[in-house]
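Worksheet for the structure shown next.
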Amino acid sequence: MQEILRAGDTDQDGQLDFNEFTKYLEERERRLLIMFDSLDRNHDGRIDVSEIQQCFHSLGVPITLGQAKKILQSMDRDGTLTIDWLEWRDHFLFNPLHNMEDVVTYWKHSSMLDIGESLAIPDEFSKKEIRSGMWWKQLLAGGVAGAVSRTGTAPLDRLKVLMQVHGSQTQGRSMWKGLMEMIKEGGIRSLWRGNGINVLKIAPESGIKFMAYEQIKKLIRGQHETLRVRERFIAGSLAGAIAQTVIYPMEVLKTRLALRRTGQYSGMADCARHILRTEGIRAFSKGYLPNLLGIVPYAGIDLAVYETLKNTWLQRYRAGTSADPGVLVLLACGTMSSTCGQIASYPLALVRTRMQAQASIAGSPQLSMVALFQHIVAQEGFLGLYRGIAPNFMKVIPAVSISYVVYENMKRVLGVTSR
């Protein structure tokens, strides 16, 4: 009743008069007829089980014939196993009409949850969000949330980088001992080395990725279409590759600054000048190939796991007609999918970090990606490819919690509506 009142009360007097109610019904019927016609693919005036199944498949939500039949039977009053226009209209006329834009709006996680990696597929924004300008406010809210989250978990991130680079030298060392050694070498502030550039790269990376994704999306499906899951993977991976290519020198700087000793560099600019003077411009592309290859397993598994969890919830636990999963479900799905993506791409991330750091370590061999993989496995075993993953996992829950709380507060500050 409240939803009908909100939609139909054009003069905002808190009640529906006869004219407002009539207009509401006419607009409702018009929208329902458009949806009915789009589902009725053979234009016979009836929707059957196969047409419902095809519709879900086109949206990237695979369902069985049995599941499609259950959906159909919930509307089929005359037992013909088809739905005519009247059955369709009567079923939805007074029910809140939630379409795929609601699912798109509620099930964002890339903007909202920042666990330190930026390889996830960008979030979809509905046409309403694009038109109203809400998209840039959500990106800004996500950027601020990411900055606070990364700053809060920076000591664990730096510890991860040190364990990745120094490999077997850190074997048997506890994380607590590693943190104490960092403090002993450079004081409390040394725990945040490399965090400045890590925060600075959020804005260009998010902006480039979003713009590239929107352009690739138009090339794939045109102006008005929602991408299927496979198409989202392709568009998101390409957008991620473009963004990573542009900001990659900042990734190299982040690693070098995290590894620096006390007094080695006076700041970001000094570090960049030193690398350029002693190693040349090519030093800023070291580790680029494993970084690029890491996008595919991370983005693919993150998307696949998240879509699977999302579709399971929508099919089995959806309350009434709302697509809103609630905070706990959204955080759990986002955390699980991101963690699975990290596990899959971690060996490539480790090799990338070692290649970025090779020239700064005395006596370290300058190896290619394949040779470095072989060297790590030969010297440290297969588990050597996952060196540093413990502090990486430890920062997931605090990073997710911090980024979510900041994101929600930033949305309120910026006036971003939930719907």
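Hydrogens, waters and symmetry mates play no part in the numbers below; they use all other heavy atoms, side chains included.
The line from CG of Leu331 to CE of Met336 is 13.0 Å long, rounded to the nearest 0.5 Å. The distance from the CG atom of Leu289 to the CG atom of Leu293 is 4.5 Å, given to the nearest 0.5 Å. Here the CG atom belonging to Leu72 is positioned 10.0 Å from the OG atom belonging to Ser50, to the nearest 0.5 angstrom. Going from atom NZ of Lys395 over to atom CG of Leu159 covers 10.5 Å, rounded to the nearest 0.5 Å. The structure places CG of Asn198 at 6.0 Å from CG of Asp157, a figure rounded to the nearest 0.5 Å. Taking CD1 from Ile208 and CD from Gln244, the interatomic distance works out to 10.0 Å, rounded to the nearest 0.5 Å.
Contact record, Met182 with Pro155: CE-O, 3.9 Å, taken as the closest heavy-atom pair. Closest approach of Leu276 to Phe284, counting heavy atoms only: CD1-CE1, 4.0 Å. Contact record, Leu162 with Ala258: CD2-O, 4.4 Å, taken as the closest heavy-atom pair. Nearest heavy-atom pair, Leu348 versus Pro297, reported as atom, atom and distance to 0.1 Å: CD1-CG, 4.2 Å. For Ile197 against Met268, the heavy-atom pair with the smallest separation is CD1-SD, 3.5 Å. Of all heavy-atom pairs spanning Leu257 and Cys271, the tightest one is CD2-CB, 3.8 Å.
Looking at heavy atoms from C-beta onward, Val165 lies out of side-chain contact with Gln358 at the 4.5 angstrom threshold. The closest side-chain heavy-atom distance from Lys209 to Ile242 is not below 4.5 Å. Side-chain contact between Cys333 and Val329 is present, with heavy atoms from C-beta onward closer than 4.5 Å. Ile301 places none of its side-chain heavy atoms less than 4.5 Å from the side chain of Tyr298. You'll find the side chain of Leu350 stays beyond 4.5 Å of the side chain of Tyr386, heavy atoms only. Counting heavy atoms from C-beta on, the side chains of Gln366 and Lys286 come closer than 4.5 Å. For the pair Ile295 and Leu292, the minimum side-chain heavy-atom distance is below 4.5 Å. Between Val396 and Gln342 the shortest side-chain heavy-atom distance falls below 4.5 Å.
Every residue two or more places apart in sequence or in another chain was checked for a salt bridge (Lys or Arg N to Asp or Glu O under 4.0 Å) with Glu26, and none qualifies. Applying the side-chain contact (heavy atoms from CB on, under 4.5 Å) test to Leu414 and every residue at least two apart in sequence or in another chain returns Lys137, Leu140, Ala141, Met410, Val416. Residues passing the side-chain hydrogen bond (donor to acceptor under 3.5 Å, both in side chains) test with Glu279 are Arg256, sequence neighbours excluded. Residues satisfying the salt bridge (Lys or Arg N to Asp or Glu O under 4.0 Å) test with Arg193, not counting sequence neighbours, are Glu185. Evaluation of the salt bridge (Lys or Arg N to Asp or Glu O under 4.0 Å) rule for Arg282 yields no partner, not counting sequence neighbours. Under the rule for a ring pair (Phe, Tyr, Trp, His ring centres under 6.0 Å), the partners of Tyr248 that lie at least two apart in sequence or sit in another chain are Tyr288.
Summarising the local packing, CE of Met394 is surrounded by 12 or fewer heavy atoms from other residues, nucleotides or ligands at distances under 6.0 Å. More than 12 heavy atoms of other residues, nucleotides or ligands shown are found within 6.0 angstrom of CD1 on Ile183. Remark: Met211 CE is loosely packed, at most 12 non-hydrogen atoms of other residues, nucleotides or ligands lying under 6.0 Å away.
Counting only distance, with no hydrogens or angles, the side chain of Ser190 and the backbone of Gly187 share a donor-acceptor pair below 3.5 Å. Checking side-chain atoms of Ser206 against main-chain N and O of Ala203 turns up no donor-acceptor pair under 3.5 Å. A donor-acceptor contact shorter than 3.5 Å is absent between the side chain of Trp85 and the backbone of Phe36. Glu51 contributes a side-chain N or O that, together with a main-chain N or O of Arg41, makes up a donor-acceptor pair within less than 3.5 Å. Put simply, the side chain of Ser338 never gets that close to the backbone of Thr335: no donor and acceptor are under 3.5 Å apart. Of the possible donor and acceptor atoms, one in the side chain of Ser149 sits under 3.5 Å from a partner among the backbone N and O of Ala399.
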Exercise for review: Could you go through the side chain to side chain contact (heavy atoms under 4.5 Å, CB included) check for Leu200 and Met250 one step at a time?
Suggested key: CA-CA 9 Å; Leu200 275 178; Met250 297 177 83; 4.1 Å; yes
Exercise for review: Just do the side chain to side chain contact (heavy atoms under 4.5 Å, CB included) check on Thr353 and Lys160 with the steps written out, would you?
Suggested key: CA-CA 10 Å; Thr353 306; Lys160 176 195 76 174; over 6 Å; no
**Study point:** Derivation and outcome, salt bridge (Lys or Arg N to Asp or Glu O under 4.0 Å), residues Arg158 and Glu181
**Key:** CA-CA 12 Å; Arg158 186 178 178 225; Glu181 285 178 1; over 6 Å; no
Check your understanding: Stepwise, does the side chain to side chain contact (heavy atoms under 4.5 Å, CB included) test hold for Ile52 with Lys69?
Key -> CA-CA 8 Å; Ile52 289 176; Lys69 189 176 178 182; over 6 Å; no
Review point. What's the verdict on side chain to side chain contact (heavy atoms under 4.5 Å, CB included) for Ile275 and Leu253, showing C-alpha distance, side-chain angles and the deciding distance?
Key: CA-CA 9 Å; Ile275 294 170; Leu253 275 177; 4.1 Å; yes
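Between Glu251 and Asn291, the side chains place no donor N or O within less than 3.5 Å of an acceptor N or O (distance only, hydrogens not considered). Defined by atom type and a distance below 3.5 Å, a donor-acceptor pair is present between the side-chain atoms of Gln164 and Tyr346.
Electrostatic pairing of Lys218 and Glu231 does not count as a salt bridge here, judged by no charged N lying under 4.0 Å from a carboxylate O.
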